[in-house]
Amino acid sequence: MAGALAPGGEGWSSRTAFVLAAIGSAVGLGNLVRFPAEAGANGGGAFVIFYIFCVLLIGLPILLSETLIGRHGQGSAIESMKKVAIESRASSWWSLAAGVGMVGAFLILTYYSVLAGWIVHFIGIFAGDVAHAFASGGLAQGALQDLSVDQVQGLLPALQANSSEMLAMHAIFMALTIFFVGRGVSSGIEKVAVWLMPIFFILLIAITIYGAFTGSFGAALAFLFDFEPARLLDPSVQLSALGQALFSLSLGSALMITYGAYAARDINLAKTSVQIATADTSVAIIAGLAIFPITFAALAPASLTAILDGQEQVQGGLGLLFVNLPVAFQTMPAGSLIGLLFFIMVFFAALTSSVALLEASVSWAIGRFKQPRWLVTILLGGLAFLIGAWASFSFNSQADFQPFDFMIFSGQPVFGIIDELTAKILLPTSALLVAIFVGWIADRRLIDSENGLDGKLHRIWLFLVRWLCPLVISAILLTGLFPGLLGQG
Ligand code: TRP
């Protein structure tokens, strides 16, 4: 049997397709926007080192756990967990772990598509600029020559104040996502990954080399890898790094269970997990080595020194990509073209992730309601569009509509709330339950027959899933969410 026969008899057409689709889901705005932003906000080095630790010791074992549940269960994430639980004579309530993850994936999709819409908008700006540069004297000069620095910095706020433009771009991106998910696993989702991921890698390497030659590469290295050891112990840095590791690997969000179900029986899941985690982590770090040298090059020497000394923060968050980077491209050689290629690259990464985000709930709904894929995809994608559209109004300070202005959420934009809620609460909770389930509850023979490990590696994996993952995730969740527990207020 070539492909697996999970929901609706669908499956990947080859091992390569599975690996590329899983990497495509993992590599996304999380690597290109969220990772640099979180690294910037959490002081660089300490965050990056704790992040790598989380990927190796927590992400990787859970990635294998999730894919093996899926492949054994042969259904949507919830169905698969239910099946493994029942075969292990455990309560079918364990499928709640996948349920929490699925809700997480759906919520991520709502704002992911809005952000990806911004990327589309910036592709438009830079494409226009390339055309303009061509017409007036060649591509060698910097980007956006007709705009002042202030005007370039104003591009993002102008977009955020323009709700109809934001909605239009969000709609275009969601429509594309629906189109590919609606076509199914091997003729839609897989095609996106197989075509776009190789181009993505080529663009990433090219832009990184460009940044290394034209930007402040040394400063970026120092920023990403130097650290004060004391910050390693900061619970909020730890929670950010853990959340980012799970988010970036698409864990705790039902997806790797879902994709595992489409994998053929002869695929070695341990090996593919290592490939997926390596590719995703390399992309995050390489992306940092592409984005920071370029943005640092545009900073005044004094503020760069202050950032490297830890006295100032890099302007983090979305500003990095949509404000600092365009400003930097203004003074870089061939800025328009590189800027255009950069945003196209981000767009490709976003699309291979958004199809996965939608598929996590689509595969469940197809099985649950026994409805055709197209119908389910349009309905769920449409709902995610509406929630995202509503949330996008929170950027528009003129639209006096702040629905979440209460309790811990008050004063936070809706986007930040959905992002924090998913990455720092839902994903870790789902991953924690998966680890406990695979480590302690599920039938050992069933688990061992799926994991593709033997001997020493198998014992290490089991130890990590049983002890380290549950303990570390719960400790980080508790101290990160309730800093008072450590007596640090
Ligand atoms: N890993 C994706 C990124 O880095 C985000 C993500 C989280 C995701 N959970 C997911 C993507 C589930 C697809 C499916 O951008």
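Every number for a ligand or one of its atoms is a count from 1 in the order of the listing.
When only non-hydrogen protein atoms are considered, atom 1 (N) of ligand 1 lies nearest to Phe247 O, 2.8 Å. What sits closest to atom 2 (C) of ligand 1 on the protein, heavy atoms only, is Ser25 O, 3.4 Å. Nearest protein heavy-atom contact of atom 4 (O) of ligand 1 is Ala26 O, 2.8 Å. Nearest protein heavy-atom contact of atom 15 (O) of ligand 1 is Tyr112 OH, 2.5 Å. In this structure, the protein non-hydrogen atom closest to atom 8 (C) of ligand 1 is Ser250 OG, 3.3 Å.
For ligand 1, the atoms lying closer than 4.0 Å to a non-hydrogen atom of Ser253 are 9 (N), 10 (C), 12 (C). Listed by atom number, the atoms of ligand 1 under 4.0 Å from Ser353 heavy atoms are 11 (C), 13 (C). Proximity to Gly30 (heavy-atom distance under 4.0 Å) selects the following atoms of ligand 1: 3 (C), 4 (O), 15 (O). Atoms of ligand 1 found under 4.0 Å from any heavy atom of Ser248 (numbered from 1 in listed order, with element): 1 (N), 4 (O). Atoms of ligand 1 found under 4.0 Å from any heavy atom of Leu255 (numbered from 1 in listed order, with element): 12 (C), 14 (C). Atoms of ligand 1 lying under 4.0 Å from at least one heavy atom of Asn31, given by number and element, are 4 (O). The ligand atoms of ligand 1 that sit less than 4.0 angstrom from a heavy atom of Gly28 are 3 (C), 4 (O), 15 (O).
No N or O atom of Ile108 sits closer than 3.5 Å to an N or O atom of ligand 1. Polar contact with ligand 1: present for Leu29 (N/O pair, distance under 3.5 Å).
Using a 4.0 Å heavy-atom cutoff, Ala105 is absent from the residues neighbouring ligand 1. Ligand 1 does not have Ala360 within reach: every non-hydrogen atom of the residue lies 4.0 Å or more from it. Under a 4.0 angstrom heavy-atom cut-off, Phe35 registers as lying outside contact with ligand 1.
Between Glu66 and Arg71 there is no salt bridge, since no side-chain N of the basic residue sits under 4.0 Å from a carboxylate O of the acidic one. Using a cutoff of 4.0 Å between basic side-chain nitrogens and carboxylate oxygens, Arg368 and Glu79 are not scored as salt-bridged. A salt bridge links Asp419 with Arg34: the distance from a Lys NZ or Arg NE/NH1/NH2 to an Asp or Glu carboxylate oxygen falls below 4.0 Å.
The distance between the ring centers of Phe296 and Phe223 falls below 6.0 angstrom. Taking the six-membered ring for Trp, Trp390 and Phe385 have ring centres at least 6.0 Å apart. Checked against the 6.0 Å centroid threshold, Phe348 and Phe200 do not count as a close aromatic pair. Ring centers of Phe18 and Tyr259: at least 6.0 Å apart, outside the cut-off.
Thr177 places none of its side-chain heavy atoms less than 4.5 Å from the side chain of Glu359.
Side-chain contact of Ser353 with Ser25: a donor-acceptor pair under 3.5 Å is absent, judged by distance alone. Glu190 and Ser13 share a donor-acceptor pair across their side chains, judged by distance under 3.5 Å alone.
For residues 49-86, the pairs satisfying ring pair (Phe, Tyr, Trp, His ring centres under 6.0 Å) are Phe35-Tyr51, Phe50-Phe53, with sequence neighbours left out.
Contacts of Leu357 with ligand 1, taken as heavy-atom pairs under 4.0 Å, involve both backbone and side chain.
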